[in-house]
Protein chains: 2
Amino acid sequence: MQKEHNLSKNQKIIFDLIDKSREPMKAYSILFNVQKKGIKAPLQVYRALDKLVEIGKIHKIESRNAFIACQNSSCQVSKATAFSICESCENVSEISNSKLSKYLSNFSDSSGMKYSKYNLEFFGLCKKCKSK
Amino acid sequence: MQKEHNLSKNQKIIFDLIDKSREPMKAYSILFNVQKKGIKAPLQVYRALDKLVEIGKIHKIESRNAFIACQNSSCQVSKATAFSICESCENVSEISNSKLSKYLSNFSDSSGMKYSKYNLEFFGLCKKCKSK
DNA sequence: TTATAAATGTTATATTATTACATACTGTTA
DNA sequence: TAACAGTATGTAATAATATAACATTTATAA
Ligand SMILES: [Zn+2]
Ligand SMILES: [Zn+2]
Ligand SMILES: [Zn+2]
Ligand SMILES: [Zn+2]
């Protein structure tokens, strides 16, 4: 059962915007879009983004410096994330595959490191772009 | 067998610096370090980095905006990369695990996407930092 | 209530990366 | 050799991404 996070005003404005977007959003594009709601400075955006990532409501696509809403109802924190990214149309989806997540969550090697988090990004061509 | 790439002057200067570094290097730190060798502008650094990534001599650690030399003699291109990152000391190593790479290279799901590349970053505490 | 943590507002600045344009070098082929 | 194509370089300006520092306000809980 998922802990309910009561988002603050700025967090809610920014989450709603990202959640409605069909594509990953960049911080300054978010800023531009929420200026009419009174959020005027980059730091206000980055603070909300940091918190939303921390509680797993959004994830950062590291290779794109962009943010998407969590598409798995189960991500309470952003600690085990996998995405597919089309290099042609830049469509991004969160991969929800229990075998993959089990495999990676249980991964260990001889380095002696204790892994507590991972982020995986797959790149390729989506169905649409392949057939062009 | 690995194709021999004849690095250009700037590419060689920058690769040698990264290769000697025990930690991932950031672009502007690289710039600072190669100024005595005549490389004066960010673009000169970024161009060499782009090429070195393309041919697999270095990889970008996306979550850190930093670059490390390939630690696998086999990476001809940066298309199947996995790293372990200590969140305490920021030590980064390239993971070379054939089971993992096979698993990920063969991964496919029902989305219809054809994956041609991936990048995986594991986070946690290294041996040293765990025992502190 | 009092204390504490979390969130906000604001300005300035740091860090990372690209655009645009001119020039030079390297290897191939007519 | 000459012409060409592809790759690399040099330089200036600027765009895009992210954080520091400090003051204030709001929410939560002892
Ligand atoms: Zn998620
Ligand atoms: Zn596509
Ligand atoms: Zn490698
Ligand atoms: Zn460590």
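Order of the sequence lines fixes the chain letters, A, B, ..., with proteins taken first and strands second; residue numbering starts at 1 for each chain.
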Check: [X] side chain, [Y] main-chain N or O, donor-acceptor pair, under 3.5 Å:
| X | Y | value |
| --- | --- | --- |
| A:Gln11 | A:Ser8 | yes |
| B:Glu87 | B:Phe123 | no |
| A:Ser105 | A:Ser101 | yes |
| B:Gln71 | B:Glu94 | yes |

Practice problem: Please collect all salt bridge (charged side-chain N to carboxylate O under 4.0 Å, His left out) contacts where either partner lies in residues 97-106 of chain A, sequence neighbours excluded, each pair once. | Solution: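 Output for this query is empty, none listed.
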Self-check item: salt bridge (charged side-chain N to carboxylate O under 4.0 Å, His left out) contacts touching residues 18-39 of chain A (sequence neighbours left out)
Solution: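 Of all non-adjacent pairs touching residues 18-39 of chain A, none passes salt bridge (charged side-chain N to carboxylate O under 4.0 Å, His left out).
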Practice problem: Please tell me which of B:Phe67 and A:Asn10 maps to the more 5' nucleotide of DNA chain C, matching each residue to the nucleotide holding its nearest heavy atom. | Solution: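 On the 5' side of the pair lies A:Asn10.
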Quiz item: B:Asp50 or A:Ala48: which one's nearest nucleotide on DNA chain C is closer to the 5' end?
Solution: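 That would be A:Ala48.
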Quiz item: Base, sugar-phosphate, or nothing for B:Lys60, non-hydrogen atoms under 4.0 angstrom?
Solution: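 Touches sugar-phosphate only.
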Self-check item: DNA chain D: 5'-most and 3'-most nucleotides touching chain A, 4.0 angstrom heavy-atom criterion
Solution: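 First and last nucleotides in contact are D:dT17 to D:dA21.
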Quiz item: Between A:Tyr118 and B:Phe122, what is the ring plane arrangement, given parallel below 30°, perpendicular above 60°, and tilted in between?
Solution: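 The arrangement is perpendicular - the two ring planes meet at more than 60°.
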Quiz item: Any side-chain heavy atom of B:Val34 sitting closer than 4.5 Å to one from B:Leu17?
Solution: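 B:Val34 vs B:Leu17: side chains touch.
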Quiz item: Any side-chain heavy-atom pair from B:Leu49 and B:Ile30 closer than 4.5 angstrom?
Solution: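 They are in side-chain contact.
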Exercise. Take the protein atom CG of A:Asn65 and the nucleotide atom C1' of C:dT15, then report the distance between them rounded to whole Å.
Key: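 After rounding, the gap between these two atoms is 12 Å.
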Practice problem: Measure from CZ on B:Arg47 to P on C:dT23 and round the result to the nearest Å. | Solution: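 Answer to the nearest Å: 15 Å.
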Do any side-chain atoms of residues 109-116 of chain B form donor-acceptor pairs under 3.5 angstrom with protein atoms, and if so which ones, sequence neighbours left out?
from, atom 1, to, atom 2, distance (Å)
B:Asp109, OD1, B:Ser111, N, 3.1
B:Asp109, OD1, B:Ser111, OG, 2.6
B:Asp109, OD2, B:Tyr115, OH, 3.1
B:Ser111, OG, B:Met113, N, 3.1

Quiz prompt | Interface residues of residues 22-46 of chain A with DNA chain D (non-hydrogen, below 4.0 angstrom) | solution =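 Per residue number, the list reads A:Lys26, A:Tyr28, A:Leu43, A:Tyr46.
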Exercise. Specify the angle, to 10°, made by the local axes at the two ends of the helix from C:dT1-D:dA30 to C:dA30-D:dT1 when five pairs are taken at each end.
Key: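 Its terminal axes enclose an angle near 30°.
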Self-check item: side-chain N/O A:Ser8 vs C:dA6 OP1/OP2, d < 4.0 Å
Solution: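 For A:Ser8, the contact criterion (side-chain N or O under 4.0 Å from OP1 or OP2 of C:dA6) is not met.
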Exercise. Indicate whether the side chain of B:Glu121 and that of A:Asn119 have a donor and an acceptor atom separated by less than 3.5 Å.
Key: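 No, because no side-chain N or O of B:Glu121 sits under 3.5 Å from a partner of the opposite role on A:Asn119.
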